[in-house]
Undergrad: 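Sharing a structure, written as structure tokens. Questions coming.
Positions are given from 1 along the sequence.
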Amino acid sequence: MAVERFEEHRDLLTGVAYRILGTVADAEDVVQEAWLRWSGTDTSAVEDDRAYLIRVTTRLSIDRLRRIRARRESYVGAWLPEPVTADPAGRVPDVAERVELTTSVELALLVVLETLSPLERAVFVLREAFGLPYADIGEAIGRSEATVRQLAHRARRHVGERRPRFDADRASRRRITERFIGACVDGDLDGLVAMLAGDATLVADGGGRARAPLRAVEGPLKIARLLTAIATDAGARRFLDSLGVRAPDGIAVEFTDVNGAPAAVATAGGRPITVFSLLLRDGLVGTVYLISNPEKLSRLSLPGDHRPSRGSGGRARPPLGPPRPA
């Protein structure tokens, strides 16, 4: 019975932990630890399973975030959240709640949440993403309701000042993403420059395990030159070699939702090798996120929506094999 009661809330707990920690691997570890706590508890005395498990998961997530922050400071290059194609919190029936959950998992927001303190981040996630009352959040983090309100106010103000504002609907973001990747594949330098904002920035996360810029690349021309160089036969080979990937059929690109927003995923050798996520401003690409660290892509599942891209043989290639299982 205890197992069924825990499993009923597993997706919710994973969603809470992922938003606080930024990686599925850490979130799953926290949920496993929460299960161990639960299995060692007299659950007959627990009146509200959901509230109890959220409290345990939140506290474990805060403790883990404090520990891993030190590791992230020594991370090779820029650190970006682990991308997901399905919300770890699962699917909720309420449309308004589903929209809020989707918004709270976007890469751009998760990047901003990295600048909050662990307590501020937990409060923001529980309040803004999951709508918990301040009193319940106070119980979850061991603080008074008044303190929680102060933390929530600071977190909202901080996020509001730094969170990118999207001025394009989903269809426009998808269309611009497809055009942008098409220009990369075609080596269209001028086309890329025209699509990038004057102060555009590219942030890449290779984690020292994939060939990627260690610092942010700024300016349309520098970004366009980098992307067109990667898309050449020689650039693609160097990138694949850095991953130790053999891809006789070349590289394919699939368009799908990543963290609730349109994105592109490059695949080779039957696995994802890079996620491209674009942030738009005034119809132009303001930020390019590239995630190539294989540890962060190992859990990424893909649907069958794709388009051919340039491969190591210099020709456009069809997509490779079936999607990875979830």
Undergrad: Does any donor atom in the side chain of Arg162 or His158 lie under 3.5 Å from an acceptor atom in the other side chain?
TA: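 Short answer, yes.
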Undergrad: Spell out, as yes or no, whether a donor-acceptor pair under 3.5 Å connects the side chain of Thr58 to the backbone of Arg55.
TA: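 The answer is no, because no donor-acceptor pair under 3.5 Å joins these two groups.
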Undergrad: Do Leu13 and Leu36 share a hydrophobic cluster, counting only Ile, Leu, Val, Met, Phe, Trp and Tyr and linking them when any side-chain heavy atoms are less than 4.5 Å apart?
TA: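 The answer is yes; both residues are in one hydrophobic cluster.
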Undergrad: Is there a donor-acceptor pair under 3.5 Å between the side chain of Thr43 and the backbone N or O of Val46?
TA: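 Answer holds: no.
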Undergrad: Report, as yes or no, whether the 6.0 Å neighbourhood of atom CZ on Arg246 holds more than 12 heavy atoms from other residues, nucleotides or ligands.
TA: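 No, CZ of Arg246 has 12 or fewer neighbouring heavy atoms, counting only those of other groups under 6.0 Å.
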Undergrad: Yes or no on side-chain hydrogen bond (donor to acceptor under 3.5 Å, both in side chains) for Asn293 and Tyr75, after CA distance, side-chain angles and deciding distance?
TA: CA-CA 11 Å; Asn293 184 341; Tyr75 191 80; 2.8 Å; yes
Undergrad: Kindly compute the distance separating CD1 (Ile223) from OG1 (Thr201), expressed to the nearest 0.5 Å.
TA: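 With rounding to 0.5 Å, CD1 (Ile223) is 6.0 Å from OG1 (Thr201).
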Undergrad: Below 4.5 Å, heavy atoms only, C-beta onward: do Leu243 and Arg209 meet side chain to side chain?
TA: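 SC-SC contact between Leu243 and Arg209 ruled out.
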Undergrad: Output yes when a side-chain donor or acceptor of Arg271 lies under 3.5 Å from a complementary backbone atom of Leu297, and no otherwise.
TA: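 Side chain of Arg271 to backbone of Leu297: no pair is present.
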Undergrad: Please check if the side chain of Arg121 supplies one atom and the backbone of Ile20 the other of a donor-acceptor pair under 3.5 Å.
TA: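 Yes, because the side chain of Arg121 sits within donor-acceptor range (under 3.5 Å) of the backbone of Ile20.
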Undergrad: Salt bridge (Lys or Arg N to Asp or Glu O under 4.0 Å), that's the test. Do Glu28 and Arg299 meet it? Break it down for me.
TA: CA-CA 12 Å; Glu28 290 177 344; Arg299 298 169 184 78; 3.7 Å; yes
Undergrad: Do Asp169 and Ser172 have a side chain donor and acceptor closer than 3.5 Å?
TA: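 A pair is found: one side chain offers a donor N or O, the other an acceptor, under 3.5 Å apart.
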Undergrad: Is the number of heavy atoms from other residues, nucleotides or ligands within 6.0 Å of CZ (Arg69) greater than 12?
TA: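 Result for CZ/Arg69: enclosed.
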Undergrad: Quiz question: by atom type and distance under 3.5 Å, do the side chains of Thr41 and Tyr52 form a donor-acceptor pair?
TA: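 Indeed, the side chains of Thr41 and Tyr52 share at least one donor-acceptor pair under 3.5 Å.
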Undergrad: List the atom of Val258, the atom of Val265, and the distance in Å for their closest heavy-atom pair.
TA: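 Closest approach of Val258 to Val265: CG2-CG2, 4.1 Å.
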Undergrad: Taking Asp282 for its side chain and Leu284 for its backbone only, find out whether a donor-acceptor pair lies under 3.5 Å.
TA: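 No; zero donor-acceptor contacts below 3.5 Å.
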Undergrad: Backbone N or O of Gly270 within a donor-acceptor pair of the Thr267 side chain at under 3.5 Å?
TA: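 Side chain of Thr267 to backbone of Gly270, a donor-acceptor pair under 3.5 Å: no, none is there.
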Undergrad: Do the side chains of Leu290 and Leu189 join up, straight or via other hydrophobic residues, at under 4.5 Å, putting them in one cluster?
TA: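 No, Leu290 does not connect to Leu189 through the hydrophobic network.
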Undergrad: Closest approach of Ala34 and Phe6, non-hydrogen atoms and distance?
TA: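 Minimum heavy-atom separation between Ala34 and Phe6: C-CE1, 4.0 Å.
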Undergrad: Between Thr85 and Ser301, is there a side-chain donor-acceptor contact under 3.5 Å, judged purely by atom types and distance?
TA: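 Side chains of Ser301 and Thr85: pair found under 3.5 Å.
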Undergrad: Is it true that, when you exclude Arg225 itself, more than 12 heavy atoms of the residues, nucleotides or ligands shown sit nearer than 6.0 Å to its CZ?
TA: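 Counting other residues, nucleotides and ligands, CZ of Arg225 stays at 12 neighbours or fewer.
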Undergrad: How far apart are the closest heavy atoms of Pro220 and Gly198, and which atoms are they?
TA: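 Closest heavy-atom pair between Pro220 and Gly198: CD-O, 3.4 Å.
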Undergrad: Just by modelled atom types, is the Val111 backbone N or O under 3.5 Å from a matching donor or acceptor in the Glu114 side chain?
TA: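 It does not hold such a pair.
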Undergrad: Can you name the nearest heavy-atom pair linking Arg59 to Glu139, along with the distance?
TA: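 Minimum heavy-atom contact is NH2-O, 2.7 Å.
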Undergrad: Examine the side chains of Thr274 and Ser292 and answer whether a donor and an acceptor come within less than 3.5 Å of each other.
TA: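 On atom types as modelled, these side chains qualify, holding a pair under 3.5 Å.
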Undergrad: Please determine if Glu7 and Arg10 form a salt bridge, counting it only when a charged side-chain N lies under 4.0 Å from a carboxylate O.
TA: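 Salt bridge present between Glu7 and Arg10.
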Undergrad: Under 3.5 Å, side chain of Arg19 to main-chain N/O of Gly15, donor-acceptor pair present?
TA: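 Judged by distance alone, yes, a pair lies under 3.5 Å.
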Undergrad: Between the side chains of Thr147 and Ser144, does any donor sit under 3.5 Å from an acceptor?
TA: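 Ser144 and Thr147 do have a side-chain donor-acceptor pair below 3.5 Å.
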Undergrad: Please tell me if the side chains of Ile181 and Phe276 come closer than 4.5 Å, counting only heavy atoms from C-beta onward.
TA: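 They are in contact (side-chain heavy atoms under 4.5 Å apart), so the answer is yes.
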Undergrad: Please name the pair of heavy atoms, one in Val245 and one in Ala268, separated by the smallest distance, quoted to 0.1 Å.
TA: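 Reported closest heavy-atom pair: CG1-O, 4.0 Å.
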Undergrad: Would the distance check show the side chain of Asp205 and the main-chain N or O of Leu80 forming a donor-acceptor pair, the cut-off being under 3.5 Å?
TA: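 Yes.
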Undergrad: What are the two closest non-hydrogen atoms of Leu21 and Ile68, and how far apart are they?
TA: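 In terms of heavy atoms, the two residues are closest at CD2-CD1, 4.0 Å.
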Undergrad: Is the shortest side-chain N to carboxylate O distance from Glu178 to Arg174 below 4.0 Å?
TA: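 Result for this pair is yes, salt bridge flagged.
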Undergrad: Hey, is Glu145 close enough to Arg149 for a salt bridge, meaning N to O under 4.0 Å?
TA: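 Here Glu145 pairs with Arg149 in a salt bridge, since their nearest N and O are under 4.0 Å apart.
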Undergrad: Is the terminal nitrogen or CZ of Arg127 (NZ for Lys, CZ for Arg) located under 6.0 angstrom from the six-membered ring centre of Tyr134 and within 45° of that ring's axis?
TA: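 That pair qualifies as a cation-pi contact.
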